Amino acid sequence: MKDDESIDSSNLKFLRNIGLAAHIDAGKTTTTEHMLFYTGRVHKIGEVDEGSTTTDWMIQEKERGITIVSAVTYCNWKDCRINIIDTPGHVDFTAEVERSMRVLDGLIVVFDAVGGVQPQSETVWRQANKYSVPRIAYINKMDRTGASFFGVAEKIEERLGVKTLLLQIPIGSESSFLGMVDLITMKALIYKDDLGLDIEETEIPDDLKEEAEKYREALIDTVSEQSDEITEKYLSGEPITEDEIREAVRKGVISFSFVPVLCGSSLKNKGVQPLLDAVVYYLPSPLDVPPIKGIHPVTNKEIERHATSKEPFSALVYKIQSDPFGKLTYIRVYSGTISAGSTVYNVRTKKRERFNRILRLHADHREDVESASAGDLYAVVGLKNVSTGDSLCDDKNPILLERIVFPEPVISVSIEASTRAEQEKLADALTKLGEEDPTFKVSTDEETGQILISGMGELHLEIIIDRIINEFKVEASVGKPQVSYRESMRKVSEGEGIFDKQVSGKTIFGHVKITLEPSDDPSKIVFENDLKNEEIPKTFIPFVEQGARDALETGVMIGYPVIGVKVKLIGGTFREMESTDLAFKVATSMAVREAMTKNEKFLMEPIMKVDVETPEEYLGEVIADLNSRRGRVENMESTQIGIQQVEASVPLANMFGYATELRSLTQGRAVFSSEFMKYGEVPPNIQSEIMTRVLGYTI
């Protein structure tokens with residue numbers, strides 16, 4: 001298939017929309033780079049350490065040697081076009097993984113042959129489960145000292161709760177890793193040159209024949225569950241063809257019966273071509289996944305869209321990127337076809353937008369195409385009022401697709417422009433960054449007037465600030481990191497709000513009574529309409545709920561959002577000609593504020609799940625340090641010889657500067673990752689300190 005050839009409904013079976021995901025430093029970007037090289041998409045293999053890879057194109061990515069944003073590219077292999085999204089491995093950028101999973105049909109999860117199933121491996125696996133993405137496991141870095149293919153495969157089953165299907169076994173390991181045995185063809189693949197282009201297909205070495213036969217037997221036994229024909233041949237002793245096995249493996253992958261496991265060393269140019277073969281053979285095309293479901297925005301009835309040009313156009317915006325030449329909107333087209341210059345309907349804004357240009361992306365390079373077709377990934381120029389998660393469709397056949405839900409930020413810093421002239425530039429930068437990143441939030445401290453920017457972690461905010469100063473050329477000063485606390489309640493309290501005022505010469509009226517009490521889910525706000533009669537007409541109830549939720553955005557202790565409460569509407573009155581939506585929103589807000597003031601309140605703080613991998617000789621120091629940070633050790637286990645993994649829960653407030661301290665404690669030999677786990681109650685003595693620091697007094 002040619003690079004510029006379009007994929008339409010008649011040949012969608014030759015399209016793969018895949019992603020690569022893993023724990024940081026497992027080799028995703030290196031694997032992607034080698035896939036592009038072997039498919040002829042690039043002519044030189046880029047190196048992560050040199051900052052020369054195709055998909056890590058941002059300055060910040062090149063400087064740090066990590067992936068920050070998910071990059072989209074494509075290549076061709078065995079008559080298939082493969083769209084590839086290389087996702088970040090660092091937990092601070094988990095939103096990039098989340099939105100990529102939403103639009104992928106298949107996934108390669110890369111595992112370090114030494115590190116095995118690491119903390120972020122589990123996170124991306126859960127994200128893939130959430131969006132039901134079929135996947136392949138690729139055990140990379142088989143050349144490293146301590147590499148264990150079978151050990152990692154066992155850990156995948158044990159820790160991720162899936163059945164694995166070994167399609168290969170390695171020939172050698174560590175410095176003697178030469179290639180792999182293909183258990184379907186029962187041939188050895190030996191890599192003969194440094195570039196990995198000369199692959200000799202030969203007989204299985206004598207010392208591996210018995211082991212290969214054992215795993216081949218297990219392979220046939222597993223895939224026979226997917227095919228009656230294979231079962232019959234297996235029982236009768238008839239030969240089973242390679243194509244029959246591959247078709248059964250494909251069926252099992254798509255039905256989530258098992259996860260195929262392959263091995264290689266991408267950096268040493270071994271194993272990438274068989275991995276590409278596996279993408280083509282086993283991961284689904286848009287035709288193999290269920291049709292996308294949504295609801296009709298007017299009737300609320302569930303509707304489906306199939307991956308065909310014959311159905312009305314529908315697409316999901318999964319990413320927005322600021323660009324010197326205009327906003328770049330990334331979309332996954334689920335049905336229909338649309339040409340450049342055409343207009344679409346945005347269900348959220350209820351407005352039409354024009355596709356000025358439609359682009360196919362190769363990281364930061366763009367190629368114009370005439371149209372966008374079902375099943376494919378594109379970028380669009382020309383859309384003005386769009387945000388991540390918007391549904392775009394034909395206005396005569398609207399469909400509202402499920403939005404992408406992102407985690408709330410947990411850490412904030414203040415930022416201030418150095419001069420008045422810089423304030424406008426800062427505001428523009430913050431707006432653009434907010435459009436790009438749904439986990440980046442901007443707010444203003446009502447008391448100090450300071451601008452606060454919030455994100456998922458210290459590295460996340462560090463990158464944001466770097467971009468503000470260097471990419472958007474803003475001169476600004478930045479404060480110290482602050483924790484985003486939450487407020488909650490212990491008891492039941494009642495509040496009443498009456499709004500009865502003259503507005504523009506007309507009286508508007510709303511009257512609401514509510515109760516506020518702790519909810520069963522400590523992370524959410526629950527609203528219940530507990531009216532016995534229609535004291536308030538049903539048409540006003542959504543505005544009562546909105547008024548309650550708006551009021552709970554700002555607590556009465558320090559002004560942090562309120563969580564873990566239930567709002568019950570228990571009474572109220574209305575007047576036929578005077579009650580309005582606005583009056584009920586304001587009255588509810590007044591009632592909620594009154595109930596909050598009466599209640600017994602407390603602060604909640606973000607608790608992080610912290611995973612530390614440390615040499616055993618430093619285990620005592622690491623645990624003592626975690627305890628000193630109000631941490632609680634949840635689990636410890638040996639992940640490899642001489643290495644202990646410690647899982648702990650630690651308040652975010654005590655995690656600042658931990659990376660530096662851990663390096664000092666372990667002479668730079670320990671590594672850690674952390675992610676938000678839950679909000680927990682702040683101990684009374686710490687709460688008093690916070691109140692005194694923020695307000696100057698306690699309440």
Side-chain angles (χ1 to χ4, degrees), residues 23-24 89-94 115-123 126 159 407-413 454-462 480-488 522-523 560 563-564 602-640 642-691 693-694:
H23 186 86
I24 190 168
H90 198 288
V91 71
D92 278 19
F93 309 108
T94 191
V117 180
Q118 296 167 287
Q120 191 65 0
S121 312
E122 296 184 65
T123 301
R126 288 196 302 270
R159 296 188 63 171
E408 287 295 312
V410 295
I411 183 173
S412 305
V413 296
S454 305
M456 299 305 297
E458 288 183 274
L459 180 60
H460 186 200
L461 286 182
E462 182 186 319
K480 292 181 179 179
Q482 303 171 5
V483 176
S484 292
Y485 292 97
R486 294 292 184 266
E487 299 180 17
S488 197
S523 66
Y560 288 108
I563 60 171
F602 61 93
L603 284 180
M604 300 185 77
E605 62 184 341
I607 306 295
M608 310 300 286
K609 177 177 180 286
V610 180
D611 290 274
V612 184
E613 287 189 351
T614 178
E616 285 180 346
E617 59 261 40
Y618 303 111
L619 183 61
E621 290 92 332
V622 168
I623 290 175
D625 183 66
L626 288 171
N627 290 335
S628 74
R629 296 172 185 270
R630 293 197 286 133
R632 187 172 72 183
V633 174
E634 309 285 355
N635 187 41
M636 283 191 297
E637 66 173 305
S638 177
T639 56
Q640 48 189 292
I643 300 293
Q644 286 284 336
Q645 181 174 318
V646 181
E647 295 179 10
S649 54
V650 187
L652 174 63
N654 296 79
M655 284 298 294
F656 297 133
Y658 183 62
T660 302
E661 183 63 25
L662 185 65
R663 280 196 296 269
S664 175
L665 284 174
T666 64
Q667 298 183 15
R669 294 174 63 193
V671 295
F672 86 101
S673 67
S674 67
E675 64 179 309
F676 173 74
M677 183 169 69
K678 63 180 181 180
Y679 275 95
E681 184 174 344
V682 178
N685 62 317
I686 305 293
Q687 179 170 302
S688 296
E689 290 175 13
I690 295 168
M691 300 289 288
R693 186 173 68 245
V694 176

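The basis for the numbers below is simple: all heavy atoms, side chains too, and nothing from hydrogens, waters or symmetry mates. Keep in mind that what you see is a predicted model, and the values were worked out from it rather than measured.
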When every non-hydrogen atom of S484 is compared with those of P606, the smallest separation belongs to O-CD, 3.6 Å
Rounding to 0.5 Å, atoms CD1 (I24) and CD (Q118) come to a distance of 10.0 Å
Original post:
Are there more than 12 heavy atoms of other residues, nucleotides or ligands under 6.0 Å from atom CD of Q667?
Top reply: no
Closest non-hydrogen contact found for P481 with V413 is CA-CG1, 3.4 Å
Heavy-atom closest pair (Y485 atom, A653 atom, distance to 0.1 Å) is OH-CB, 3.9 Å
Sorted by chain and number, sequence neighbours left out, salt bridge (Lys or Arg N to Asp or Glu O under 4.0 Å) with E647 holds for R159
Applied to residues 621-632, the salt bridge (Lys or Arg N to Asp or Glu O under 4.0 Å) test, sequence neighbours excluded, yields E605-R630, D625-R629, R632-E634
To the nearest 0.5 Å, atom CD1 of I643 lies from atom OG1 of T614 at 7.0 Å
Practice item. Report the C-alpha separation of I411 and F656 in whole Å, then their side-chain angles, then the decisive distance to 0.1 Å, and conclude whether the side-chain contact (heavy atoms from CB on, under 4.5 Å) test is met. Key: CA-CA 10 Å; I411 183 173; F656 297 133; 3.1 Å; yes
Exercise. Can you tell me if S488 uses its side chain to pair, donor with acceptor, with the backbone of I563 under 3.5 Å?
Worked result: yes
Scanning both residues in full, the closest heavy-atom pair of Q687 with V682 reads N-CG1, 3.5 Å
Rounded to the nearest 0.5 angstrom, the CG-OH distance for L626 and Y658 is 4.0 Å
Rounded to the nearest 0.5 angstrom, the CG-OG distance for L603 and S688 is 9.5 Å
Exactly one of L619, V622, V633 clears side-chain contact (heavy atoms from CB on, under 4.5 Å) with V612, and that residue is V622
One should read off an interatomic distance between K609 NZ and K678 NZ, to the nearest 0.5 angstrom, of 13.0 Å
Side chains of I623 and M636: does their closest heavy-atom pair fall under 4.5 Å? yes
Residues F672 and V610: closest non-hydrogen pair is CD1-CG1, 4.2 Å
Nearest heavy-atom contact between E681 and F602 is CG-CD1, 3.6 Å
Value for NZ (K480) from OG (S412), rounded to nearest 0.5 Å, stands at 16.0 Å
